[in-house]
Amino acid sequence: MILANAHLPDGGFADVEIAGGLIAALHTPGAAPAASERVDLGGALLLPAFVDGHIHLDKTHWGAPRLPHVEGRSVRERIAVERVERRRVALKIEERASALIRTLIANGTTRARSHVDIDNDVGLANLEAVLGVREAYREWIDIQLVAFPQSGVTTEKGAPDLLASALMAGADLVGGLDPAGFDNDVKGQLDIVFGLAEALGRGIDIHLHDGGETGAAELRDIAERTIAAGMQGRVAVSHAFALGAIAPDLFEKTADALARAQVAIMTSCPPSAPVPPVMKLRARGVTVFAGSDNIRDCWSPYGNGDMLDRAAIIAERHAMFTDDELEDAFALTTSEADKALGRPRRELRAGAVADLVAVEAASVADAVVDRPPRKLVVRAGRIAAERGVPSAALGKIAIA
Ligand SMILES: [Zn+2]
């Protein structure tokens, strides 16, 4: 396949030759060899495909009628609401997760990390549904699954055994939830989470909404445990709101501990919470990556699975205005997320995996501020979507 007349992120132009799912070569425009499939991009900007570093495929109502949001502010209240509401959602998880995956792909996302609820109400049922969906879409999107103890670890009887079963059944990573704020047992929860990760050789991704000095102390505890377990580069903390609301000296101490342990921070940058300061964390060597988090579910009626939108939301909240800063925001949805997920980086060079997105934009910075429609999405050298519509092959996918 040749993607002709591509505008590259570095400003140059090339005919991009793709073979065997990889970028084979970047040719001077007009100099590419003949190919069985040739798409003329007409000078459109060709970008690496996006990563959604944090979604909930089992929670989303995507494709189903909107359920009016039920009141409840705290994490504990929201969980109580969800344990009732999730029985009322019209479509099966398989249908909603598939609908969202098709939207992600149409928006240019070909890699994602999804947390999946594990508790006594649902057991492994949500995981089994999402595993089936992952398998069905395997050729089109890489999906990592986190066994997520949404109802707690030490306070939910039997949760540690359920988490172990989830990992044996196919979940890739161990999740966690507010060790202090939810379980009120930091040591108890982290002993179990790190114990499972070490025993089964898995990574970790912990939801941490706990704020202030409590949350910061938990982040440093997680960093210390990461080094002790030799798990540098394999642990992430999602949200880490504490980093957005602590004194500067405590922030620096905590950020440095995260950088030393190579613990990555995921932000969805919700407008309603203190958020980790992206630029300050990056300046201290912390990997920061982006995710949608809740997309039309019991937690939020918002979200659209568009990572260019997410990059713009993050950039605007953090006053990232220069071209360099806008490129940094873009990196949170591409190269930095590839790194946080421990996966090969997609980029415009020979030898890289040909997961690519074309948009009408003059530069990466323009793409972030304009959020143009996706003209073409290529997954491992095959067309996955055109003009926002998934290719016919995706429409034929049936969930076993
Ligand atoms: Zn989440």
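Start at 1 and go down the list; that is how both ligands and their atoms are numbered. One is the number of the first residue; the rest follow in order along the sequence. Side-chain atoms are counted along with the backbone in the values below, which use heavy atoms only and exclude waters and symmetry mates.
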Looking only at side chains, do [X] and [Y] share a donor and an acceptor under 3.5 Å apart?
X	Y	value
D366	S363	yes
S238	H207	no
N5	D40	yes

request  = Please state whether the separation between the Zn ion (ligand 1) and some N/O/S atom of H115 is under 2.8 Å?
outcome  = no
inquiry  = Looking at F182, I'd like to know if the NZ or CZ of R76 sits under 6.0 Å from its six-membered ring centre while staying within 45 degrees of the ring's axis.
reply    =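 The answer is yes, since R76 meets both limits relative to F182.
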Atom name, D293 (N, O or S, nearest to the Zn ion (ligand 1)) =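 Answer by atom name: OD1.
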task = Tell me which N, O or S atom of H207 sits nearest to the Zn ion (ligand 1).
result =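 In H207, the N, O or S atom with the shortest distance to the Zn ion (ligand 1) is NE2.
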